[in-house]
A.B. asks: 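Here it is, the structure in full.
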Amino acid sequence: MTLSSTPSWVSETEQKLDVESKAEGSFITTSETSSPRRQKRLWERVMGGGAEGAGDTKRAMGSRHLMMIAVGGTIGTGIFLSAGAAVALAGPASALLSYFVVGLFCYAVVIALGEMASYIPVSGTFAVFGTRFVSPALGFTLGWNYWLQCEITAAAVILQFWDARIQPWQWALIIIVPIFVLQLIHVRVYGETEYWFAMIKVIMILVFIIVGLVYDWGGVHGHPGPGLSNFHDGQAFLGGFPAFAQTFVYAFYSYGGVELVTLAAGEAERPHRTVPRAVRATFLRIVLFYVLTILVIGLCINWADPTLLSAADDSAVAASPVTVVFVRAGFGAAAHVVNAVLLTAVLSATNSCFYASSRMMLSLARTGHAPRILGRVNSRGVPVYALLLALAVSCLTFLTTIWGAGIVFTWLLNVTGISALLVWGSIGAISLRFRAAWRAQNRSIEDLPFVQPFFPLLPAGALVLAVLMFIAQGYAAIVEQPFDAKNVVATYIGVALYVILYVGYTIWARIVLNTRTFLIPLNEVDLDTDAVWAPGDGERIRAQEQKEREAAEMESGVRHGLRYWLTRVRKHVY
């Protein structure tokens, strides 16, 4: 997308028709530009779609897709895997407090990132912003660091409970291949599948919270609930501050994926409207899906219960705490239904993993931080080569059969946990830098489609929390008895990766590219490329869109109907 005074998505209907017509045209079997015409092979039509040059992604995801991606992105495999381990490690109250603190951290990060992504909606968001607002070294580090995070091994761990006779790598292959094929079709296919995956997860979590609370309060006949007994007799907080600090890595793993909604901004219709609407719902999602879920688990299952999942110490993962609560509430027949829904979470995590990693690699390639071929996009807007690379890396799931699913899962948990901490802290710094450049170039705050509240409290708070949690996790690893150096290594393995990437790129840029400026001056920060509108046009375009909406409502008579009032309610909720 190029900078213009009028956004390219002014007419949502025209955009959809354009996408559909181009998508249909991508299946043409002959080349219209070559002479003489050559019949394309099947693999060329599927993988290339008739693309010439680098190509562009398609803005084909609507508001409902982005909204459900934002909601479903918070319900990953981590909430089913690591929540029980947090309760077992530090007690129900410590786990609840840990998830609440990390939830606030998450909220600050998503809101700060949403402000930038709604104005410059590109694939790769925070990696692109790091490159443009701070330094290419930071963008390179964030992009590759994020790309390396993957939840596919967690998929095999969950499904091992369903049928242990099937090897984890076999389950992974069954999941990976269909998802890969779906991703090849069109970005709208990803949006649609993720919409329904998220819907199933949301319904299950809501039912789980209701059933869990009713069971805990003794509302299920013949199944007396524990009440508040798990919080009495010194069981609420266990292990002191070190145990509490250790639960952060589980919380980070659970919250992983919340930034996906901003990554999808690069392929969303009207991102200056859909992205702010999605990120505003972050706090509600955190309270409802994470804090209440961890509260229900802590209320219903005692911290010493052997059924609590403890991936850090037990390689034979038995079951999700969600399943355990349903069984103890008298819904034994629902165990396989719950695990079927967990399969949906696995498919969703894999779907999101492929999407996020391929779009991040696309972004890296187009900023010169990865081989250029990985930045090629076919005529359907699919980064085929980046997807193929993601598929190849996904095959690392086979390692679970060599070292054991629990061992690999433990290391992945630590890598993704500390990586999320570093990425989120970096986003806070990028947001501060973005606003500093905005002021230095005398830009009006009215030109931002979404203005984060309480600035600079949220990005500064995210940066401070990142530093404090970084120190806390190191302290917890050192004071743990008996002392084991492997715990310290596992805690900071993600830091080593971050430092290697940053220092490595800096040295390469100095020697090969002969770059001497490693911090972009504020007046030279690029705030225009890929922006939704030109400087000074924000108010005018928003007012124009508002008039168009009101005129359409009056013409169709919606203003006095049920749809109008439901729309008003939705606006206040989100």
A.B. asks: Give the minimum heavy-atom separation between Leu374 and Ala365, together with the two atoms involved.
C.D. replies: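 Heavy-atom minimum between the residues: C-CB, 3.7 Å.
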
A.B. asks: Can you give me the closest heavy-atom contact between Phe231 and Ala93, atom names plus distance?
C.D. replies: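 Minimum heavy-atom separation between Phe231 and Ala93: CE2-N, 3.8 Å.
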
A.B. asks: Would Leu389 and Met361 satisfy side-chain contact (heavy atoms from CB on, under 4.5 Å), going step by step from the backbone distance to the final call?
C.D. replies: CA-CA 9 Å; Leu389 181 61; Met361 184 53 63; 3.9 Å; yes

A.B. asks: Donor-acceptor check, side chain of Glu115 to backbone of Ala112, threshold 3.5 angstrom: yes or no?
C.D. replies: no

A.B. asks: Is the CZ atom of Phe100 crowded by more than 12 outside heavy atoms at less than 6.0 Å?
C.D. replies: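 Counting neighbours around CZ of Phe100, 12 or fewer heavy atoms of other residues, nucleotides or ligands fall under 6.0 Å, so no.
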
A.B. asks: Taking Ser135 for the side chain and Leu519 for the main chain, is one N or O donor matched with an acceptor at less than 3.5 Å?
C.D. replies: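 Judged by distance alone, no pair lies under 3.5 Å.
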
A.B. asks: Does Val275 form a side-chain contact (heavy atoms from CB on, under 4.5 Å) with Phe450? I'd like the steps, not just the answer.
C.D. replies: CA-CA 9 Å; Val275 174; Phe450 170 63; over 6 Å; no

A.B. asks: How many angstroms lie between atom CG of Leu422 and atom CG of Leu497, to the nearest 0.5 angstrom?
C.D. replies: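 Atom-to-atom, Leu422:CG and Leu497:CG are 9.0 Å apart.
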
A.B. asks: Parallel, tilted or perpendicular: which one describes the rings of Trp147 and Trp144, with boundaries at 30° and 60°?
C.D. replies: perpendicular

A.B. asks: Got Leu388 and Phe180 here, is their nearest side-chain heavy-atom distance under 4.5 Å?
C.D. replies: yes

A.B. asks: Taking all heavy atoms of Ala251 and all of Tyr99, pick out the closest pair and write down the distance.
C.D. replies: CA-CZ, 3.8 Å

A.B. asks: Counting N and O atoms only, with roles assigned by atom type, does the side chain of Thr131 sit under 3.5 Å from a partner on the main chain of Ala127, one being a donor and the other an acceptor?
C.D. replies: yes

A.B. asks: For the pair Arg443 and Asp528, find out whether any cationic side-chain nitrogen is under 4.0 Å from an anionic carboxylate oxygen.
C.D. replies: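 Yes.
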
A.B. asks: I'd like to check Thr293 versus Ile209 (side-chain heavy atoms, cut-off strictly below 4.5 Å). Are they in contact?
C.D. replies: yes

A.B. asks: Could you walk me through whether Val451 and Ile445 pass side-chain contact (heavy atoms from CB on, under 4.5 Å), step by step?
C.D. replies: CA-CA 8 Å; Val451 180; Ile445 202 70; 4.1 Å; yes

A.B. asks: Checking Arg132 side chain against Asp526 main chain: does a donor-acceptor pair fall under 3.5 Å?
C.D. replies: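 Flag set: sc Arg132 to bb Asp526 pair under 3.5 Å.
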
A.B. asks: Quick check on Phe518: does its CZ atom have over 12 non-hydrogen neighbours (other residues, nucleotides or ligands) under 6.0 Å away?
C.D. replies: yes

A.B. asks: Quick check for you: to the nearest 0.5 Å, what is the distance between Ile427 atom CD1 and Leu432 atom CG?
C.D. replies: 12.0 Å

A.B. asks: Do Asn230 side-chain atoms and Leu299 backbone N/O form a donor-acceptor pair below 3.5 Å?
C.D. replies: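 Yes, Asn230 side chain to Leu299 backbone: donor-acceptor pair under 3.5 Å.
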
A.B. asks: Say whether Ser431 and Gln452, considering side chains only, have a donor N or O and an acceptor N or O under 3.5 Å apart.
C.D. replies: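 A pair is found: one side chain offers a donor N or O, the other an acceptor, under 3.5 Å apart.
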
A.B. asks: For Ser348, is there any backbone N or O sitting under 3.5 Å from a side-chain donor or acceptor partner on Ser352?
C.D. replies: yes

A.B. asks: Report yes if some heavy atom in the side chain of Val102 is under 4.5 Å from a heavy atom in the side chain of Trp424; otherwise report no.
C.D. replies: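 Yes, close enough: below the 4.5 Å cut-off.
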
A.B. asks: First locate atom SG of Cys300, then atom CG of Asp305, and finally report the distance between them rounded to the nearest 0.5 Å.
C.D. replies: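 Output value for this atom pair is 11.5 Å.
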
A.B. asks: Tell me whether Ser98 contacts the main-chain N or O of Ser94 through its side chain, where contact means a donor paired with an acceptor under 3.5 Å.
C.D. replies: no

A.B. asks: Show the numbers, then the answer: is there a side chain to side chain donor-acceptor pair (under 3.5 Å) between Gln441 and Asn523?
C.D. replies: CA-CA 6 Å; Gln441 297 183 24; Asn523 287 324; 5.6 Å; no

A.B. asks: For the pair Tyr505 and His369, name the ring-plane relationship: parallel under 30°, tilted 30 to 60°, perpendicular over 60°.
C.D. replies: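 Aromatic pair Tyr505/His369 classed perpendicular.
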
A.B. asks: What are the two closest heavy atoms between Met469 and Val101, and how far apart are they?
C.D. replies: CE-CG1, 3.2 Å

A.B. asks: Do Ser358 and Gln183 pass the side chain to side chain donor-acceptor pair (under 3.5 Å) test, and can you show the C-alpha distance, the side-chain angles, and the key distance before you say yes or no?
C.D. replies: CA-CA 10 Å; Ser358 63; Gln183 294 269 343; 4.8 Å; no

A.B. asks: Evaluate side-chain contact (heavy atoms from CB on, under 4.5 Å) for Leu421 paired with Phe105, printing each intermediate quantity in order.
C.D. replies: CA-CA 9 Å; Leu421 177 60; Phe105 190 5; 3.6 Å; yes

A.B. asks: By side chain to side chain contact (heavy atoms under 4.5 Å, CB included), which residues pair with Ile430, not counting sequence neighbours?
C.D. replies: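 Expected list: Met116, Phe129, Phe133, Val134, Leu138, Leu142.
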
A.B. asks: When rounded to the nearest 0.5 angstrom, what is the spacing between OG1 in Thr506 and CG in Leu501?
C.D. replies: 10.5 Å

A.B. asks: Within the 3.5 Å criterion, strictly below it, is a donor on Glu267 or Tyr355 matched to an acceptor on the partner's side chain?
C.D. replies: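 There is such a pair (donor and acceptor under 3.5 Å, judged by atom type) between the side chains of Glu267 and Tyr355.
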
A.B. asks: Of all heavy-atom pairs between Leu96 and Val291, which one has the smallest distance, and what is that distance?
C.D. replies: CD1-O, 3.4 Å

A.B. asks: Over all heavy atoms of both residues, which pair between Ala356 and Leu260 is shortest? Give the atoms and the distance, please.
C.D. replies: CB-CD1, 3.8 Å

A.B. asks: Atom OG1 in Thr367, atom CG in Leu362: separation rounded to 0.5 Å?
C.D. replies: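 Result: 9.5 Å between the selected atoms.
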
A.B. asks: Could you tell me whether Phe126 and Tyr146 have their ring centroids closer than 6.0 angstrom?
C.D. replies: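 Close enough - the centres of the two rings lie under 6.0 Å apart.
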
A.B. asks: Could you give the distance from CG (Leu463) to OG (Ser426), rounded to the nearest 0.5 Å?
C.D. replies: 8.5 Å

A.B. asks: Under a 4.5 Å cut-off applied to non-hydrogen side-chain atoms, are Phe434 and Leu448 in contact?
C.D. replies: yes

A.B. asks: Would you say the ring centers of Tyr119 and Trp438 fall short of 6.0 Å from each other?
C.D. replies: yes

